[in-house]
Amino acid sequence: MTVRVRFAPSPTGKPHVGNIRTAIFNWLYARHRGGKFILRIEDTDRERYSPEALKNLLETLRWLKLDWDEGPEVGGEYGPYFQSERLDIYHRYAQELVDNGYAYYCTCSKERLDRIRKEAEAKGLPPRYDRHCRELGIKGNPTDTDKVIRFKIPLEGTTTFHDEIRGDIRFENKSLDDFVILKSDGFPTYHFANIVDDHLMKVTDVMRAEEWIPSTGKHILMYRAFGWEPPRFCHLPIILGADRSKLSKRHGAVDVLEYRNMGILPEALLNFLTLIGWSPGTEQEIFSTEELIRLFDKDGINPASGVFNLDKLVWMNSEYIHKMDDEKLLEKLTPLIHQRGWSGFSREYLIHIVSLMKTRMRLLNDFVELAPYFFEEPTQYDEKGVRKHFKKEGAKKRLNLILRAFDRLGNFNEETTEKAIRALAEETGTAAKFFIHPTRLAVTGMTFGPGLFEILATLGKQKSISRIKRAVEFIEKNCEIC
RNA sequence: GCCGCUAUCGUCUAGUGGUUAGGACACCGGCCUCUCACGCCGGCAGCAGGGGUUCGACUCCCCUUAGCGGUACCA
């Protein structure tokens, strides 16, 4: 039978790296086995629902190139794929459970529930529903707004399921609650909708976050009540923040699209996230998506939760940037260049700058942060640099020597500029770096970057000279010692 | 509280009874060099604790501890 897995997010907020990692594992597994990846929207909580969240979710999946075979916008033969459009299905199956004695209507008020919960807590007992309505035989309809339907947990015995990466897990039925399967607003709860849909959509493998382990016992009991064969279960480790608690806002960026904004490539994020909780058993770190599909399988999944390490993500991103060819990289950079309002530069010029900057970039955004001087005049000089290279005995004199030498240059390129400066160093008996550093600061405003002669050649004679002249004026105005 | 999951360098991990416990990120040296980055070379650093089982445990079992999760008409 062909593998069918699903990613079933709830559209209530921005897609979180933890949720998306679950999507990635499901997607990789489906692609590895040549199966189907189903996207199902669990929008059964009307209070937390947000249309914006759905939009962000689809955008995130598309950005990461996690395509789905069935689900929103693509359809499929087991739809609808929005749970809010399947209410009649849940009603039918919930009523079936009631009719067969596996579930019951409950009219307990919110107030009563709160009260018994508080009482139980006060006595140090587990806060559980007291099964008040279990044997009352209350009649009703799934659409009744004054009732819920609860599942009847067997009073005795144990329920066991096999987790494919953790082994057998067992629960005492006594520890399970008569949980609600259909809410008074007519919507199902997660537990119920989840198993009905997984069954109806012929899901073969449930791969979800480990926070679902404690409720899997309930799910198994429902499968049994329906007489359905449960899917295989595999509970995935979760992603933690630096302090080892569940990753959240206070750990910094958690929304996947924030990483896009920061200049992370989707391939790098996919690679990175896959390697939290999964390993192919080799020492390879960088994988193309095709390789991941080929190598990914359940047996490489680590049961322990892992910490999200931004440094490593950034390193990985730099590996992708460095390996990318200049044309491809320029394509990724073009929107950022436009954002800065830089236009009118030839493709040839841009490609050249990309080639100069590539090994210096770790994030896409670094390009515009680290090399603005290729696009506009420096508006200020690095403060430390000024102290080190401008406020120095003879700095002005050396820049003036350079101006004179450059002015005489017919061909202004890497070789001729370097030759000129080294010659000056020789003549004046000064180390070349005392010419190089102030010149760099003069033309870029910065103290670091590509080789100076590459910069000069790229900028050209006219811009180089005018920028050095401006620096000389700056020195005259601001530095007494020279 | 109760239930459950987990446990190898700071972090991500390899390891499935016999290894000098391997790799990667980060960090620290060095080389290269006009700076920065890349690259290369080297270094620091780990089996949570205690009991078993075994000729032999990082590896298997139990307990403890710690971390995390669940305990809703949220998912």
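Proteins get letters first, then strands, A, B, ... in listed order; numbering begins at 1 in each. Just so it is clear, the values below take in all heavy atoms, side chains as well, and ignore hydrogens, waters and symmetry mates.
With a 3.5 Å ceiling on both atom-pair distances, the Watson-Crick or G-U wobble partner of B:C55 is B:G18. Remark: B:A48 base-pairs with B:U64; criterion is Watson-Crick or G-U wobble with both hydrogen-bond distances under 3.5 Å. Pair assignment for B:C31: B:G39, on the basis of Watson-Crick or G-U wobble contacts that are both within less than 3.5 Å. A 3.5 Å limit on both hydrogen-bonding distances identifies no Watson-Crick or G-U partner for B:C73. Base pairing analysis places B:A26 opposite nothing; no Watson-Crick or G-U wobble pair with both distances below 3.5 Å involves it.
Side-chain atoms of A:Trp315 lie closest to B:A24 of the nucleotides B:A37, B:A24, B:G70. In this structure, of B:U6, B:A75, B:U35, it is B:U35 that holds the atom nearest to the side chain of A:His437. Of the candidate nucleotides B:A14, B:U6, B:C5, B:U6 has the atom nearest to the side chain of A:Ala304. With B:G69, B:C12, B:A75 as the candidates, the nucleotide lying closest to the side chain of A:Pro214 is B:G69. Closest approach to the A:Val307 side chain among B:G4, B:A75, B:C12 is made by B:C12 (side chain taken as heavy atoms from C-beta onward). Minimum atom distance to the side chain of A:Asp45 is reached by B:C74, of the listed B:C74, B:G1, B:A72. Checked against B:C74, B:U11, B:U35, the side chain of A:Phe448 finds its nearest nucleotide in B:U35. Here the side chain of A:Leu452 is nearest to one of B:C74, B:C34, B:U6, namely B:C34. For A:Leu240, counting side-chain heavy atoms from C-beta on, the closest listed nucleotide (B:C68, B:C73, B:A26) is B:C68. Of all nucleotides listed (B:C34, B:G70, B:A72), B:A72 comes nearest to the side chain of A:Asp177.
At the heavy-atom level, A:Ile213 lies under 4.0 Å from the strands shown only through sugar-phosphate atoms. Within 4.0 Å (heavy atoms only), A:Pro450 reaches at least one base atom of the nucleic acid. Nucleic acid contact for A:Thr282: none, since no nucleic acid atom lies under 4.0 Å from a heavy atom of the residue. Within the 4.0 angstrom heavy-atom criterion, base atoms lie near A:Val148. Within 4.0 Å of A:Phe179, counting heavy atoms only, lies no atom of the nucleic acid at all. Looking at heavy-atom distances under 4.0 Å, A:Gly451 makes contact with a base. Among the atoms of the strands shown, only primed sugar atoms or phosphate atoms (P, OP1, OP2) are found under 4.0 Å from some heavy atom of A:Arg244. A:Asn194 comes within contact range of no nucleotide atom at all, as no heavy-atom separation falls under 4.0 Å. When heavy atoms are screened at a 4.0 angstrom cut-off, A:Ser279 is found touching the sugar-phosphate backbone but no base atom. A:Gln83 comes within 4.0 angstrom of nothing in the nucleic acid, heavy atoms only. Across all strands, A:Ile238 comes closer than 4.0 Å only to sugar-phosphate atoms, never to a base (heavy-atom distances). As judged by a 4.0 angstrom heavy-atom cut-off over every strand, A:Gly306 is placed among residues touching the sugar-phosphate backbone only. Backbone-only contact: A:Pro303 has heavy atoms under 4.0 Å from sugar-phosphate atoms and none from a base. Looking at heavy-atom distances under 4.0 Å, A:Arg128 makes no contact with the nucleic acid at all.
With P as the reference atom, B:G30 and B:G46 are 24 Å apart, rounded to whole Å. Nucleotides B:C9 and B:C3 are separated by 29 Å at their P atoms, to the nearest Å. Spacing between B:C74 and B:A37 at atom C1', rounded to whole Å, works out to 48 Å. Comparing the same atom, P, in B:C25 and in B:C40 gives a spacing of 10 Å after rounding to whole Å. Atom name P, nucleotides B:G43 and B:A21: the rounded distance is 15 Å, in whole Å. Comparing B:G10 with B:C44, their C1' atoms sit 12 Å apart, to the nearest whole Å. Rounded to whole Å, the C1' atom of B:A24 lies 35 Å from the corresponding atom of B:C62. For the P atom pair drawn from B:U64 and B:G18, the interatomic distance equals 29 Å after rounding to whole Å.
Close to B:C38, at under 4.0 Å from its OP1 or OP2, lies no side-chain N or O of A:Arg360. The side chain of A:Arg117 places an N or O atom within less than 4.0 Å of a non-bridging phosphate oxygen (OP1 or OP2) of B:C73.
The cationic atom of A:Arg150 (NZ for Lys, CZ for Arg) lies less than 6.0 Å from the six-membered ring centre of A:Tyr129 and within 45° of the ring axis. Annotation: cation-pi geometry satisfied between A:Arg21 and A:Phe25 (NZ/CZ under 6.0 angstrom from ring centroid, within 45° of ring axis). Cation-pi contact between A:Lys218 and A:Phe179: present, with separation from the ring centre below 6.0 Å and deviation from the ring axis of at most 45°.
Map A:Trp212 and A:Ile165 each onto its nearest nucleotide of RNA chain B; the residue landing nearer the 5' end is A:Ile165. Projected onto RNA chain B by closest heavy-atom contact, A:Thr107 and A:Ile301 fall at different nucleotides, the more 5' of which corresponds to A:Ile301.
In this structure, A:Thr22 and A:Met207 approach most closely via the heavy-atom pair CG2-O, 3.8 Å.
Relative ring orientation between A:His219 and A:His191 is described as tilted, the plane-to-plane angle lying within the 30° to 60° band. Between A:Phe161 and A:His235, the two ring planes are perpendicular [angle over 60°; tilted spans 30° to 60°]. A:Phe233 and A:Tyr223 have perpendicular rings, their planes meeting at more than 60° on a 0 to 90° scale where under 30° would count as parallel.
A donor-acceptor contact closer than 3.5 angstrom is absent between the side chains of A:Thr159 and A:Glu172.
In the interface, the side chain of A:Glu285 is paired with the base of B:G23 through a donor and an acceptor atom under 3.5 Å apart.
Partner of A:Val98 under the side-chain contact (heavy atoms from CB on, under 4.5 Å) criterion, chosen from A:Phe151, A:Tyr104, A:Tyr105: A:Tyr105.
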